[in-house]
Amino acid sequence: MKLLHLIHTLIPFSRHRSTVADNLTPTEPAAYIYRLPVELLQRVFLFIVNDTSGCPIINNTSKYTSISLDVTSPPLVLARVCHFWRVVAYSTPGVWSRIQIVLPEKAKPLKPFLPYFIQCWLDRSGRLPLTLNITDRRWFTWRRKPGRIPAADSQLLDILFSESQRWETVVLSSVKDWHPDFNTPQLKTLECHHSNIRRFNAPKLSSLSIHGTFSRTVPVGQPTLTGRRAPITCKDLRHIHILAASAVAICSTIASFPNLETIVVDELKSCGYVPAPINDLVMLKSMTIPLCSSLPDNYRQELIKIFTVLHLPMLRKLTLLGSPEKPQVDWLLAMLGVASFQVPVVEFHILQDMVPSTTPLNNTYVENIVPLLSFVGEVIFCGIGISYDRENQRRIYRHNICT
């Protein structure tokens with residue numbers, strides 16, 4: 001970002017600012033950058049912080065070095081230019097309402113400075129809603145052992161937890177086995193490991209992403225997600241993304257949240273039995289599940305039951321992660337054949353890191369897709385939509401579809 005680069009160039013210059021100012025005559029004004037109105041400078045600071053991808057990282061950690069502050073990124077870099085900028089930055093709560101903390105890889109006792117600095121950071125945010133991203137480096141190492149969180153990590157987490165009333169967006173995806181009682185009346189977006197689902201008072205939660213295998217069932221008709229010890233309450237949940245789930249978990253989740261609009265499941269698991277029939281009206285509009293090509297027959301039967309037990313009259317799109325190979329299409333036809341509703345659009349989506357983005361829609365794929373047009377209005381693959389005009393007995397192709 002050019003603006004942030006210019007700020008870095010101001011830092012060494014600002015060290016000599018007082019010397020330069022002493023040599024100015026009364027008719028020589030200060031540089032324009034130092035004459036910006038406070039309100040305009042605050043807007044610039046907010047633009048820089050909000051334009052940065054992710055949350056500002058408050059600290060750097062390493063296996064071989066101690067924890068240190070990251071003073072090269074906003075908003076800390078803003079406070080290094082000059083005294084005036086530091087005063088303006090410290091008095092702008094929006095600059096400090098987003099934070100990312102990296103938990104240390106080694107469980108060493110913390111010196112008082114880091115907890116004190118984190119507390120000061122949160123204090124500067126005033127009463128604004130908070131966006132937090134908490135990363136546990138030990139999650140990415142094979143030496144990580146399950147169990148109680150180290151005291152050093154717990155100390156930092158407790159400081160953040162003390163502000164849970166202000167949490168609005170929270171990412172805890174790599175933090176495991178942390179089980180506080182969350183009282184988060186402003187929480188709207190949550191990403192966490194399934195081991196952290198214990199108790200949430202989250203009446204405003206609208207988006208939830210669960211890492212790990214989510215195989216627990218949801219009490220049908222109750223807007224709760226059952227964790228290890230107690231339920232998570234979220235009546236207005238509209239979007240849920242689950243890393244891995246069984247057919248039973250998928251069905252009970254859809255049926256228990258009447259306002260749920262989208263569900264995304266990256267990996268399907270078997271739980272050994274099929275879902276029970278569900279008669280509740282649901283408002284789901286979009287479902288994304290992976291295609292099953294090598295799953296045992298009992299897995300497939302569980303998944304086919306998803307469309308048997310659920311009635312999804314509002315479903316507008318079914319997205320399948322994979323290509324329309326013959327075995328996958330046959331499995332999909334079995335699902336659509338037992339459904340009590342019609343799916344307007346089916347899309348086959350291939351992840352960009354798996355195959356080139358220019359995968360051709362060859363004749364083999366077209367012939368595999370054609371039988372699906374008896375059940376759905378349009379099939380999309382590789383940016384091309386295929387539908388069937390029954391009146392004129394011909395196929396219709398739409399190109400360059402952005403989804």
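Here the structure is a predicted model, which means the values were calculated and not measured.
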With heavy-atom distances below 4.5 Å as the criterion, would you say the side chains of [X] and [Y] are in contact?
X      : Y      : answer
Leu373 : Pro371 : no
Leu372 : Leu336 : yes
Ile48  : Asp51  : no
Glu191 : His211 : yes
Phe381 : Pro324 : yes
Leu333 : Asp330 : yes
Ile306 : Cys251 : yes
Ile118 : Leu156 : yes

>> For Ser125 and Arg166: C-alpha separation, side-chain torsions, deciding distance, then whether side-chain hydrogen bond (donor to acceptor under 3.5 Å, both in side chains) applies.
In response: CA-CA 10 Å; Ser125 66; Arg166 295 197 287 138; 3.0 Å; yes

>> Could you walk me through whether Ile240 and Val264 satisfy the side chain to side chain contact (heavy atoms under 4.5 Å, CB included) test, starting with their C-alpha distance in whole Å, then the side-chain angles of each, then the deciding distance to 0.1 Å, before giving a yes or no?
In response: CA-CA 6 Å; Ile240 187 167; Val264 178; over 6 Å; no

> Should the pair Lys269-Glu267 be classified as a salt bridge under the 4.0 Å nitrogen-to-oxygen rule?
Replying inline: yes

>> Between Glu378 and Arg398, does any NZ, NE, NH1 or NH2 come within less than 4.0 Å of an OD or OE carboxylate oxygen?
In response: yes

Measure from the side-chain N and O atoms of [X] to the backbone N and O of [Y], and report whether any donor-acceptor pair falls under 3.5 Å.
X      : Y      : result
Ser256 : Thr253 : no
Gln393 : Arg390 : yes
Trp121 : Trp96  : yes
Thr184 : Leu187 : no
Trp167 : Leu160 : yes
Arg98  : Val49  : yes
Asn392 : Arg394 : no
Ser206 : Lys188 : yes

> Can Val345 and Val343 be said to form a side chain to side chain contact (heavy atoms under 4.5 Å, CB included), step by step?
Replying inline: CA-CA 6 Å; Val345 178; Val343 181; 5.7 Å; no

Between atom [atom1] of [X] and atom [atom2] of [Y], what is the distance when rounded to the nearest 0.5 Å?
X      : Y      : atom1 : atom2 : answer
Leu122 : Ile99  : CG    : CD1   : 5.5 Å
Ile254 : Leu312 : CD1   : CG    : 6.0 Å
Thr319 : Phe348 : OG1   : CZ    : 10.5 Å
His239 : Lys285 : NE2   : NZ    : 9.0 Å
Leu318 : Leu315 : CG    : CG    : 6.5 Å
Leu190 : Ile210 : CG    : CD1   : 8.5 Å

At their closest point, which heavy atom of [X] faces which heavy atom of [Y], and how far apart are they?
X      : Y      : result
Ser252 : Ala249 : OG-O, 3.2 Å
Pro129 : Ser97  : O-CB, 3.6 Å
Val265 : Leu268 : CG1-CD2, 4.1 Å
Thr135 : Gln100 : OG1-NE2, 3.6 Å
Ser91  : Val87  : OG-O, 2.9 Å
Ser164 : Pro185 : O-CD, 4.4 Å

> With sequence neighbours left out, what residues match Glu325 under side chain to side chain donor-acceptor pair (under 3.5 Å)?
Replying inline: Ser323, Tyr365

> Got a sec, which residues hit ring-ring contact (aromatic ring centres under 6.0 Å, His included) with Tyr116, two or more places apart in sequence or on another chain?
Replying inline: none

>> According to ring-ring contact (aromatic ring centres under 6.0 Å, His included), who are the partners of Phe341, at least two apart in sequence or on a separate chain?
In response: Phe307

>> Apply side chain to side chain contact (heavy atoms under 4.5 Å, CB included) to residues Leu130 and Glu163 and explain how you reach the verdict.
In response: CA-CA 8 Å; Leu130 295 174; Glu163 299 289 345; 3.8 Å; yes

> For Met283 and Glu261, what are the C-alpha separation, side-chain angles and deciding distance, and is it a side chain to side chain contact (heavy atoms under 4.5 Å, CB included)?
Replying inline: CA-CA 6 Å; Met283 305 301 292; Glu261 297 178 0; 5.8 Å; no

> Do Gln119 and Asp123 have side-chain N/O donor and acceptor atoms under 3.5 Å apart?
Replying inline: yes

>> How about CZ on Arg316, more than 12 heavy atoms from neighbouring residues, nucleotides or ligands closer than 6.0 Å, or not?
In response: yes

>> Check whether Tyr388 forms a cation-pi arrangement with Arg395 (NZ or CZ under 6.0 Å from the six-membered ring centre, at most 45° off the ring normal).
In response: no

